[in-house]
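Quantities reported herein were computed from a predicted structural model and do not represent experimental measurements.
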Amino acid sequence: TFVNLMRDSGFKAVYADRGNKQLLIELLNFFLPEDVKVSDIEAYLDREQDPEVESGKRTYLDLICKGEDGSIFSVEVQQEGEEKIFERCMYYGCDIYRNQISSGDYYSELKPLYIICILGKNYPHQNESEWDENNLISHYKFTETRTKEFAPSTIIINFVETARFTKTLEACESPCDYLLYWFLNGWKYDVDGLPEVLKDIPEVKQLSAACEIAAFSPAKRALYNRSVMREQDVINQLYYAKEEGLAEGKTEERLEIAKKMLKANSSIDFICQMTDLSEEDVLKLKSE
């Protein structure tokens, strides 16, 4: 009945839809640092970023938009674990940050870039005791090590670790709690079985309506179905790979799986992790 917001297809169907701009603003304000507030979205930007050099890696983004003050926000959903997720976010972020200005422009025109990565797995913090279901959003920024002086107009990376959120619906208290609960569990409900408490939370009431597949226009539903099929194709290929023991051999079949994952815009790191191919092998496929 409802899309799964922890899948690329579901997330883009809801939050990349310009008709749901207010929902996107609410999501940004829940997950950004407390001193950053978004009141409007001025523009939705191209999610595909071209590399600066011919051999550079093309960047595919779930969602990128610009706030009313020129600040840029990139939101990604990463359901599977990825060892180098911070490096990936910084790599993508550098492209977005650099593309704000052209030759001859002044560096003073650069605006801060906020990257929000909604993770399905926990981020590997140095001190795990500092993180729990009430402390699952982290903010990384450029600071001077001694004085903690902050460089504001640069890149700020924010991780939302949904795997740490284990609250039941009855234990939810804040609007952010209910939002996280819906991200993880909303897709499991049907319209008639939606708990009354969720119907009474304004943020969730609007979000659930935007997630209802039956309410999509025919064009939007066709686009969503194609996206779901591409995702499912990758999942099926990975399942087949594990069943057949491809991690231990059968390079040709792993290469075919990698090709399908590239077509589905999976990241290079994720493809390498799932197929045991080297980054060099995957990059060769990408250039073919």
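Between the side chains of E212 and T1, not a single donor N or O lies within less than 3.5 Å of an accepting N or O. A donor atom on one side chain and an acceptor atom on the other are found under 3.5 Å apart for E161 and H125.
The nearest pair of heavy atoms linking Y15 to L63 is O-CD2, 3.7 Å. The nearest pair of heavy atoms linking L28 to C65 is CD1-SG, 4.4 Å. Shortest non-hydrogen contact noted between C117 and Q78 is SG-CB, 4.2 Å. Contact between S153 and L110 at its shortest, heavy atoms only, is CB-O, 4.2 Å. Of all heavy-atom pairs spanning Y114 and L32, the tightest one is CB-CD2, 3.6 Å. Nearest approach of G93 to I115, heavy atoms of both residues: CA-CD1, 3.7 Å.
Taking the centre of each ring, F150 and F142 stay at or above the 6.0 Å mark. Between F2 and Y189, the distance separating the two ring centers is not shorter than 6.0 angstrom.
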Go through V282 and E279 one step at a time and tell me if the side chain to side chain contact (heavy atoms under 4.5 Å, CB included) criterion holds.
-> CA-CA 5 Å; V282 179; E279 183 174 349; 5.8 Å; no
Side chain to side chain contact (heavy atoms under 4.5 Å, CB included) between M6 and I118, intermediate numbers included | CA-CA 8 Å; M6 289 301 295; I118 303 171; 3.9 Å; yes
Yes or no on side chain to side chain contact (heavy atoms under 4.5 Å, CB included) for T154 and K141, after CA distance, side-chain angles and deciding distance?
-> CA-CA 8 Å; T154 52; K141 56 189 181 182; 6.0 Å; no
Carefully, step by step, assess Y181 and F165 under the rule ring pair (Phe, Tyr, Trp, His ring centres under 6.0 Å).
-> CA-CA 8 Å; Y181 182 86; F165 188 81; 7.2 Å; no
Starting from the C-alpha separation in whole Å, work towards a yes-or-no answer on side chain to side chain contact (heavy atoms under 4.5 Å, CB included) for E76 and R88.
-> CA-CA 11 Å; E76 293 285 307; R88 177 188 174 194; 4.0 Å; yes
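Here the straight-line distance linking atom OH of Y123 with atom CG of L136 works out to 15.5 Å at 0.5 Å rounding. To the nearest 0.5 Å, the span separating OH on Y44 from NZ on K21 amounts to 6.5 Å. Taken to the nearest 0.5 Å, the SG atom of C89 stands 9.5 Å off from the CG atom of N158. Expressed to the nearest 0.5 Å, how far CD1 of I257 lies from NZ of K259 amounts to 12.0 Å. In this structure, OG on S278 lies 7.5 Å from NZ on K284, to the nearest 0.5 angstrom.
The pair R230-D8 fails the salt-bridge criterion, with no side-chain N (NZ, NE, NH1 or NH2) lying under 4.0 Å from an Asp/Glu carboxylate O. Here D177 pairs with K167 in a salt bridge; the nearest charged N to carboxylate O distance falls below 4.0 Å. In this structure, E144 does not pair ionically with K148, as no charged nitrogen and carboxylate oxygen lie closer than 4.0 Å. In summary, D17 and K220 engage in a salt bridge, as defined by a charged side-chain N under 4.0 Å from a carboxylate O. We find that E128 and R164 are joined by a salt bridge, their nearest charged nitrogen and carboxylate oxygen being less than 4.0 Å apart.
Looking at Y97 and I72, their side chains never come closer than 4.5 Å, going by heavy atoms from C-beta outward. Using a 4.5 Å cut-off on side-chain heavy atoms (C-beta onward), F11 and R7 make no contact. Contact of the W187 side chain with the C211 side chain is not registered, since no non-hydrogen atoms from C-beta on lie closer than 4.5 Å. Looking only at side-chain heavy atoms (C-beta outward), I64 and F73 stay at 4.5 Å or farther from each other. Put simply, the side chain of L119 reaches to within 4.5 Å of the side chain of I85, judged on heavy atoms. Taking 4.5 Å as the limit, some side-chain heavy atom of P175 sits within range of a side-chain heavy atom of F30. Residues V38 and E68 are in side-chain contact: their nearest non-hydrogen atoms beyond the backbone lie under 4.5 Å apart. Using a 4.5 Å cut-off on side-chain heavy atoms (C-beta onward), L207 and L179 make contact.
Side-chain heavy atoms closer than 4.5 Å link hydrophobic residues (I, L, V, M, F, W, Y) into clusters, and following such links, even through other members, never connects I137 to W131. When hydrophobic clusters are built by joining Ile, Leu, Val, Met, Phe, Trp and Tyr residues whose side-chain heavy atoms come closer than 4.5 Å, directly or via intermediates, I213 is not grouped with M229. A continuous path of ILVMFWY side-chain contacts below 4.5 Å connects I201 to L194, so both sit in one hydrophobic cluster. One hydrophobic cluster, built from ILVMFWY side chains closer than 4.5 Å, cannot hold both L223 and L5; they sit in different ones.
With S208 contributing its side chain and V204 its backbone, the two residues share a donor-acceptor pair below 3.5 Å. Between the side chain of N20 and the backbone N or O of V14, at least one donor-acceptor pair lies under 3.5 Å. Side-chain N or O atoms of D40 include none that pairs as donor or acceptor with a backbone N or O of E42 at under 3.5 Å. Between the side chain of N135 and the backbone N or O of D132, no donor-acceptor pair lies under 3.5 Å.
Heavy atoms from other residues, nucleotides or ligands lying under 6.0 Å from NZ of K205 number 12 at most.
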